[in-house]
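Report on the structure given below.
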Amino acid sequence: MDRRNFLKATAGVAALTGTTGVSAPALSQGAAARTLRFVPQANLANFDPIWGTQYVVRNAAALVWDTLYGFDDKLEPKRQMVESEEVSSDGKVWTFKLREGLMWHDGTKVTAADCVASLARWAVRDGMGQMIRTIQEELVAVDDRTFRWRLKTPYPKMLLALGKNNTPMAFMMPERLAKTDPFQQINEYIGSGPMRFVRNEWVPGAKAVFSKFEQYVPRNEPPSWLAGGKRINVDRIEWIIMPDPATASAALMNGEIDWWETPLTDLIPSLRRNRNIRVDIADPLGNIGAFRFNHLHAPFNDVRARRAVAMVLNQEDYMRAVVGDDKALWQTLPSFFTPGTPLYTEAGGDVLKGPRNVEAARALLRESGYNGQPITLLVGQDQAPLKAMGEVTNALLRSIGMNVDFVATDWGTVGQRRASKSLPGQGGWHIFHTWHAGADCINPASYLALRAHGDGAWFGWPKDDAVEAARDKWFVAPDVAAEKAAVAEMNTAAMRHLTYAPTGFYKTYQAWRSNVTGVVGAPIPFFWGVSKS
Amino acid sequence: MSASILDPTGITAANVAVAPTLPDIMPPVKARKGFFGFMRQNPAIAVGGSLVTLMVLVAIFAPLLFTTDPTALAPALRTREPSAMYWFGSDMLGRDIYSRVLYGARVSLLVGFSVAVFASIIGLTIGMISGFVRWADSIIMRVMDGMMSIPPILLAIALMALTRGSVQNVILAITVAEIPRVSRLVRGVVLSLREQPYVDAAVAAGTRTPVIIWRHILPNTLAPITVQATYICASAMIVESILSFIGAGTPPTIPSWGNIMAEGRALWQVKPYIVFFPAIFLSITVLAVNLLGDGLRDALDPRMAKRI
Amino acid sequence: MFAYIVRRVLATIPVMAFVALFVFSLLYVAPGDPAAVIAGDQATPDDVERIRASLGLDRPFLIRFGEWVWRILQGDLGVSIFTNLPVSTMIQQRIEPTMSLMIITLILAVSVAIPMGVVAAWKQGTVIDRTVMGFAVLGFSVPVFVVGYVLAYVFALELDWVPVQGYTPIKQGLWPWFRNLILPSIALGTVYIALIARITRATMLEVLQQDYIRTARAKGAGQRNILFLHALKNAAVPIVTVIGIGIALLIGGAVVTESVFAIPGLGRLTVDAILRRDYPVIQGVVLLFSFVYVLVNLFIDLLYTILDPRIRY
């Protein structure tokens, strides 16, 4: 048919479908109320929480897989999949008994053998798991619901290791999946958590879909972060990846999405003004910005150069650059640990407090022998907080007379280059930025970035025996007072040595529609207890 | 018709049928003289040219136009609305947008002009070789076809991903993406010119190829190349802004219109001025360059309009 | 004619081969390490090395290239480094939105631009001509994302006529599918409209000067008849050429549009893959785009024979 008739026909069809509702979306009005549309902090490109340790993978995994123990909102590990545990009097034998009624999404029962295999895989990749492996005698299933971990020496922090929310979390998987090499991805996404992963609707980079697992048996206690009963009140959860914050903001205002994990701080006032939107702090444990030195090469192999930087480092500048002008969101941080937590200390943090002293810093820098070489600063442009921090650092370094080689690239390239121990002029680096979730910085347990054991340490390879000694003390601390002392000692040592420089403590907001209730502020977006009317 | 001795053909004014006057489709064109006459006759060149000149002057004299250091951070004064202190407002790190936009003109114009010049020169060379050296022609054209079949933006992003963000790399990446089109254009001109009788005559007279190229071919390629170059300049400025939008463009320490917009894009609903001002400058400049190209094309040879 | 088609198809092989080699080499020399991104921030350098080895990223160039080509020829585009899904599956998931966007944009652009160009040519030199062409040049000059943002703000957020973002698959209804694509198509189409309108006008101007137009007019044919039946048909070849070349532009612009309107299409997939160094996906998608472009141009070359009987191969 010719063009004119074709257009008429299409218009007719459109009119017809528009008015009679023949072409209405597959979900009726009622069903739509049972679907929660969530915009996560980043793209969910892969989905193995042991293999890939990004936060967004862990957050999604928390829906599909369950853990033996889980942190509650006081950061204490509480039983989740485990019904009871027993520790021998010498502390070397742990026996765990699983709850009844735990099922995998494919209908089979959860057995102790599955847990044994999952723990074995997890322990290869996790810091605390590795510690346990070195003192492990055996890890076996005793019967279908019981398994035992026999150790050579006591490990008092066992429950913390199993229940912590730092990546990689100790998720339980079916034995056949858990037998996958820890350095390769799993192929199936079967778990025993409250939601199933709808594999055939997954469009990596765009959308991930979860549907309610009806056979999940929640615990009786009220939900509290990773502990308690994980009751799901919706049928379906859709994770929609939105690369453009302005688009996500408009979508939230228009009701096209229900919950946005990381709205930009500058957009919050306009979201707040909207009567249909609620805004609150996303994670009370916040984040710590990190200014990471390379301790292997000049000039930052000399503590004086690092001190010079710390003397002019203005955390207020960094924080405003990262989260804006809302003072409720940020505070200066003369510490490596998370404010508001039991072990928080500012011991030794004086270099970051008080007015900044440019002249003294310049003098100290000269004293350290800085010869004017360009400082290779790696800045990932695709992550807004890192980009902002990079620019503040650029100005900071120039203010004390350093030459800066600003390498503007993407996070993937930063990830590769920071692994290089070569000279900065030959593919290495001097400085890069990152941030650590406050939940990871509560205590030395999973605080990889604060370790100072040289070659095996995190990128930057700091080496300081005092820091390591203090860390060891914390692991064997018999009570809270001893733990506090150990942490204070570690903070002082790390501040003196400047393993890295914290650029401040900041929180972010999350925003959701007013017809969504039960949203809590936590390190992981928790979907249990959330309802939509 | 009657023949006569005085007029053997028999055609006289009296007995020639007068053609009916047909309505003109083209309106009559008045010839004008002098520089201003030229400008009035070619308003596109006039408007386009003067705007481009204005932008170039702004870029060159940016330090003298009440600007401050475009990279000076002041996080305590971030995202302020336009006011007496910050004429165009301040961005997310407290930098003065007015200064950044004026200095950004340097980068954007530099990218545009450099890409236009380099792509034209390289494309001209390749097109010439392709047009004259037969055995090289098919290889070169396959390669050019191959490169043209990769969407230019993706090619530029991929090339940028190979290296770090810098103005030179942006220029290189966009130039590579634009070369195939220029070479195709030049090749087309060369091929059609080679068939012309005067070129045949020159060859028959024994003129050496380089002289033929210099005297006959090259002058005829200049017009289409110049016009094409202006379009490439305009397109390069837009591509630079898109590269910055994606996050694969010039580094943030060097302001360009593209990366000012890219940084402000997340806030454009609440602080639209961050995107608005560079967008206006970019659009006006690109518009002016396009107008200039149109005007040049119409002035030099309106028939080019079919091909470009 | 048939021989021509065969020759053209065969000629595409070296082109595609070049593209394949080019794309593969490009990424081979690229810095940036997918293993580092996958390992995440909490990984140690040893972890990153182990992941690299497990992904096979440490083998030599020719071996990887050879393997890759062999698999492509069997229809296997490889497996994404990041998602572990086959590249062909990932492409399949994303092809509908991008195709829908491009087709609607194409239809929109052609239906708006050609009349624009015709009218401008007809009223050449008048205010109408200058205004129409002014809009067209404006379309070239404003970046796509600015247009997209303004449209989204005015029509979606303020007036609430259409949704702000997203894509509704066509099987969920024709009208919802179309509603989501209106603004993105307009945003993406502005450049295309500008391009087509200009060429249409220029070609029409030339055609309108031809003798056969004068004859038609002398025969008493109506203005509309002249413009569409005689002039436009003869102007078709360059116009169709530009439409073909413009497809490459559309793909490039789709990248930005899909980002602004959160459409889960191939453009976004490619950009994400490039920035993450997901080599198999980048290679697969770029090859696909090139193939489509080559096919479209072949189709257009064949279309010439219909449009202009003088062109015969």
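Just so you know, these numbers use all the heavy atoms, side chains as well, and skip hydrogens, waters and symmetry mates. Naming: A, B, ... by sequence-line order, numbering from 1 per chain.
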Side-chain polar contacts of residues 275-291 of chain B - donor-acceptor pairs under 3.5 angstrom, sequence neighbours left out - could you list them?
residue, atom, partner, partner atom, Å
B:Ser283, OG, B:Ala279, O, 2.7
B:Thr285, OG1, B:Phe281, O, 2.7
B:Asn290, ND2, B:Val286, O, 3.3

Check your understanding: To the nearest 0.5 Å, what is the distance between CE (C:Met133) and CG (B:Asp294)?
Key -> 9.5 Å

Check your understanding: Roughly how far, to the nearest 0.5 Å, is OG1 of C:Thr270 from CD1 of B:Ile153?
Key -> 12.0 Å

Exercise for review: Could you label the plane-to-plane angle of the B:Phe245 and C:Phe145 rings as parallel, tilted or perpendicular, counting under 30° as parallel and over 60° as perpendicular?
Suggested key: parallel

Exercise for review: For side-chain contact (heavy atoms from CB on, under 4.5 Å), just list the numbers for B:Ile139 and C:Phe18, CA-CA rounded to whole Å, side-chain angles, deciding distance to a tenth of an Å, and then say yes or no.
Suggested key: CA-CA 10 Å; B:Ile139 304 176; C:Phe18 171 74; over 6 Å; no

Exercise for review: Working to the nearest 0.5 Å, report the span between CG of C:Leu287 and CD1 of B:Ile150.
Suggested key: 8.5 Å

Check your understanding: C:Val255 versus chain B, heavy atoms under 4.5 Å apart: side chain, backbone, both or neither?
Key -> side chain

**Study point:** Per-residue contact mode, C:Val292 against chain B (heavy atom under 4.5 angstrom)
**Key:** neither

Study note, to complete from the structure: Here the gap from C:Ser259 atom OG to B:Arg265 atom CZ, rounded to the nearest 0.5 Å, amounts to 5.0 Å

Check your understanding: Once you round to the nearest 0.5 Å, how far does CG of B:Leu154 lie from CZ of C:Phe289?
Key -> 6.0 Å

Check your understanding: Could you name the residues of residues 140-147 of chain B that have a heavy atom within less than 4.5 Å of a heavy atom in chain C?
Key -> B:Arg142, B:Val143, B:Asp145, B:Gly146, B:Met147

Study note, to complete from the structure: Output for pair (C:Ile247 CD1, B:Ser149 OG), nearest 0.5 Å, gives 13.0 Å

Practice item. Pick one of side chain, backbone, both or neither for B:Ile238, based on which atoms fall under 4.5 Å of a heavy atom in chain C. Key: side chain

Review point. Which bit of C:Val142 comes within less than 4.5 Å of chain B, counting heavy atoms only: side chain, backbone, both or neither?
Key: both

**Study point:** Within-4.5 Å side-chain heavy-atom neighbours: B:Tyr231 and C:Phe140
**Key:** no

